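Everything on this sheet refers to the single structure shown next.
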Amino acid sequence: IATPHSEHAVIVKEALNAGKHVLCDQPVTVNSKEAHEIISLAEKKNLFFMEAMWIRFLPAVTELRKYLNDGIIGDIKFLYSNFSWTAINEFNPDSRIFNRELAGGALLDLGIYPASFASMIFKQQPDKISAVSEFNSLKTDNSTSVLFSYNSGAAAEFTCSFMFDNFFSAEIFGSLGKVQIPKFWWDDIPYVIKLNSGKEIIIPNKGSDAAKGYSYEITETASCIKDGKSGSIIMPPDETLEIMNTLDKIRDITGLKYPIDEN
């Protein structure tokens with residue numbers, strides 16, 4: 001399902017009620033209430049459901065996850081990420097990117113990526129959240145900046161914006177080194193692990209081919225359905241719901257509201 005996210009909940013329910021397994025684009029819904037409804041329905045129908053967070057399935061991200069799980073950079077202390085592009089230069093009030101009726105804005109369109117990445121890296125949701133947004137005349141966010149704090153002392157910071165160009169990049173800092181991700185899937189730029197010892201590990205990145213990039217999550221979906229699984233351990237439904245709860249909290253802080261929230 002690859003419609004604007006404002007329509008996801010209705011279409012997912014129709015698909016599940018028709019007995020169909022579902023792979024749904026991110027964010028799966030506008031808010032956590034909708035997410036809870038569709039995930040609960042999938043469980044009730046005993047059908048597969050997964051959020052199509054396709055970057056999690058890229059070979060480079062898969063390899064990076066293995067290195068981090070092995071403790072290659074020690075205890076992870078800080079994550080910084082940014083996903084921004086100058087959509088504001090072609091401002092269109094009817095576009096799904098800006099339209100309030102379609103739940104437009106930078107947070108749900110772009111911020112879902114770094115929010116989900118932080119969830120993958122820290123394997124939990126933040127204990128404290130700080131956030132600020134810049135709004136346009138339609139009352140959707142042109143930019144949102146967020147700080148996640150964890151009781152362990154770790155933190156994650158991200159910015160998502162339609163005001164400037166900085167296609168999805170990230171840096172992960174640990175007690176034994178850091179990971180640099182100049183671009184997640186553009187230009188085939190490799191990820192680099194730089195250890196405090198001076199050693200460098202290069203992770204090849206072949207993510208610029210969008211068709212191949214999307215194919216990895218489709219392969220996972222097909223494999224799970226074949227094996228009779230209701231979800232994937234790489235992007236489990238429970239985590240999808242937790243991330244939507246986190247996005248709700250960010251919107252509560254910044255005051256970003258949509259008509260659908262009132263239903």
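The shown structure was predicted, so the numbers you read here are calculated from the model rather than taken from an experiment.
Side chains of S133 and T144: a donor on one and an acceptor on the other come within 3.5 Å. Residues D261 and N31 have side chains that bring a donor and an acceptor to within less than 3.5 angstrom of each other. No hydrogens or angles considered: a donor-acceptor pair under 3.5 Å links the side chains of Q26 and Y113. Using modelled atom types and a 3.5 Å distance limit, the side chains of E239 and S119 yield a donor-acceptor pair. Between the side chains of S32 and D248, a donor-acceptor pair is found at a separation under 3.5 Å. Of the N and O atoms on the side chains of N99 and S95, not one donor lies less than 3.5 Å from an acceptor on the other residue. A donor-acceptor contact under 3.5 angstrom links the side chains of E220 and S232, judged on distance only.
Between F57 and Y216, a ring centre-to-centre spacing not shorter than 6.0 Å is recorded.
Taking 4.5 Å as the limit, some side-chain heavy atom of C24 sits within range of a side-chain heavy atom of F49. Residues Y258 and R251 form a side-chain contact, since some pair of their non-hydrogen atoms from C-beta on lies under 4.5 Å apart.
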(Q) side chain to side chain contact (heavy atoms under 4.5 Å, CB included), that's the test. Do V179 and Y67 meet it? Break it down for me. (A) CA-CA 10 Å; V179 180; Y67 275 115; over 6 Å; no

Q: Check the pair S143 / S161 against side-chain hydrogen bond (donor to acceptor under 3.5 Å, both in side chains), numbers first and verdict last.
A: CA-CA 4 Å; S143 296; S161 179; 2.4 Å; yes

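The salt bridge (Lys or Arg N to Asp or Glu O under 4.0 Å) analysis of residues 136-161, with sequence neighbours excluded, yields no pairs.
Put simply, the residue from F148, F83, F78 that forms a ring-ring contact (aromatic ring centres under 6.0 Å, His included) with F158 is F148.
No more than 12 heavy atoms of other residues, nucleotides or ligands lie within 6.0 Å of NZ in K33, so this atom counts as exposed by the packing criterion.
Note: E242 CD to T240 OG1 = 9.0 Å, rounded to the nearest 0.5 Å.
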